[in-house]
Amino acid sequence: MGKVIVSQFISLDGFSNGPGGELVPPAPTPDLFRTFIDVNMARSGIFIYGRVTYEGMVGYWTSSDANPEQAKLLAERRKVVFSKTLQKADWGRATIARGDDLAADVAAMRRETDGDLTILGSPTLVNAFLRAGLVDAFHLLINPVLLGGGTRLFQGGYDRTKWKLTSAQPFDGGPVVLNYERS
């Protein structure tokens, strides 16, 4: 049974995106792709998004700026978009879940794949999963930038839980990937 993994870029001051909603990822380097991006692709059976992240991903990965090979791989992957308002999800193998019962949704997804369920971006959805006690692991890519505002990854309202560090990987230029599992 796959784990629910939050795989997220965050700033040094804890924001998932900047004051204008912009994503500020670290510079793409070969080692970053090999140890973070490619690992997500290899282990994930289903990618999970909130509406805003999904729409941003569609906008980028269907544009001429995207790497065509990676865009094709992502389009072919199963994706579940949690949204109360989205009417259509037509990027490859995407479906919409309303999230009325997150535990039941996660149980169904776990039955449907051998891989992990990976939440990409989507800080509001991450916090809903945390409040429901559904997150098994965090894979956080800390970008050494202070954004000074935006959307915080950890917004509160969930129970206190302990996590253990399972690995830490620094990269050239200062980013660090920290992997945690629930203790």
Side-chain angles (χ1 to χ4, degrees), residues 2 4-11 13-28 32-33 36-102 104-106 108-109 112-113 115-132 134-135 138-143 145 147-157 175:
V4 174
I5 297 176
V6 173
S7 185
Q8 180 84 40
F9 297 146
I10 64 170
S11 67
D13 52 351
F15 293 99
S16 294
N17 53 43
E22 70 279 7
L23 179 64
V24 187
L32 180 68
F33 270 90
F36 190 73
I37 310 289
D38 293 347
V39 169
N40 277 336
M41 289 295 290
R43 75 163 185 267
S44 299
I46 299 174
F47 287 119
I48 300 172
Y49 304 100
R51 179 190 54 81
V52 172
T53 300
Y54 172 77
E55 288 174 341
M57 294 287 279
V58 170
Y60 176 77
W61 288 105
T62 59
S63 76
S64 60
D65 294 334
N67 174 303
E69 289 177 25
Q70 286 182 319
K72 183 178 185 288
L73 285 173
L74 277 170
E76 291 171 350
R77 279 300 174 91
R78 171 118 187 262
K79 295 168 281 301
V80 176
V81 185
F82 282 84
S83 174
K84 303 268 188 210
T85 60
L86 191 66
Q87 297 302 312
K88 184 170 83 169
D90 56 3
W91 175 37
R93 296 178 53 210
T95 57
I96 299 171
R98 297 299 177 207
D100 296 323
D101 185 344
L102 288 177
D105 292 333
V106 167
M109 286 187 284
E112 295 165 4
T113 184
D116 290 328
L117 311 176
T118 303
I119 304 173
L120 298 173
S122 312
T124 301
L125 183 62
V126 167
N127 281 271
F129 272 64
L130 282 169
R131 286 188 293 278
L134 296 171
V135 176
F138 287 99
H139 294 179
L140 304 174
L141 192 152
I142 312 299
N143 187 8
V145 62
L147 295 178
T151 305
R152 289 204 177 274
L153 175 58
F154 299 104
Q155 300 166 6

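Quick caveat, the model's predicted, so the values are computed rather than measured. Only heavy atoms go into these numbers, but all of them, side chains included; no hydrogens, no water, no symmetry mates. Quick note: residue numbers are just sequence positions, from 1.
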Within a strict 4.5 Å, meaning less than it, do heavy atoms of the Glu55 and Ser83 side chains meet? no
Closest approach of Asn127 to Gly156 (non-hydrogen atoms, all atoms of both residues): OD1-N, 3.7 Å
Any donor-acceptor N/O pair, Asp13 side chain to Gly148 backbone, under 3.5 Å: yes
Any donor-acceptor pair under 3.5 Å linking the side chain of Arg78 with the backbone of Glu112? no
Minimum heavy-atom separation for Val135 and Val126, please, with both atom names. CG2-O, 4.5 Å
Checking Val6, Leu120, Ile48 against Leu125 for side-chain contact (heavy atoms from CB on, under 4.5 Å), the one that qualifies is Ile48
Please report the closest heavy-atom contact between Ser44 and Asn40, naming both atoms and the distance. OG-O, 2.7 Å
Atom CG in Leu117, atom CG in Asp105: separation rounded to 0.5 Å? 11.0 Å
Show the nearest heavy-atom pair for residues Ala132 and Leu102, with the distance to one decimal. CB-CD1, 4.4 Å
Exam field: side chain Tyr54 to backbone Trp91, donor-acceptor pair closer than 3.5 Å: yes
Do Arg51 side-chain atoms and Ser122 backbone N/O form a donor-acceptor pair below 3.5 Å? no
Rounded to the nearest 0.5 Å, how far does CG of Leu153 lie from CZ of Phe15? 11.0 Å
Thinking salt bridges, do Asp100 and Lys84 make one under a 4.0 Å N-O criterion? yes
On a heavy-atom basis, the closest approach of Val81 and Ala89 is CG2-CB, 4.4 Å
Determine whether a donor-acceptor pair (N or O, by modelled atom type, separation under 3.5 Å) exists between the side chain of Arg93 and the backbone of Glu76. yes
Please tell me if the side chains of Phe138 and Gln8 come closer than 4.5 Å, counting only heavy atoms from C-beta onward. no
Out of curiosity, Asn143 CG to Ser16 OG, how far, rounded to the nearest 0.5 Å? 12.0 Å
Pairwise distance NZ(Lys79) to CE(Met57) - rounded to 0.5 angstrom: 9.0 Å
Once you round to the nearest 0.5 Å, how far does OG of Ser11 lie from CZ of Arg152? 7.5 Å
Could you give the distance from CD1 (Ile96) to CG (Asp90), rounded to the nearest 0.5 Å? 9.0 Å
With sequence neighbours left out, which residue pairs that include part of residues 58-70 fulfil the side chain to side chain donor-acceptor pair (under 3.5 Å) condition? none
So, Thr118 versus Asp116: side-chain donor-acceptor pair below 3.5 Å or not? no
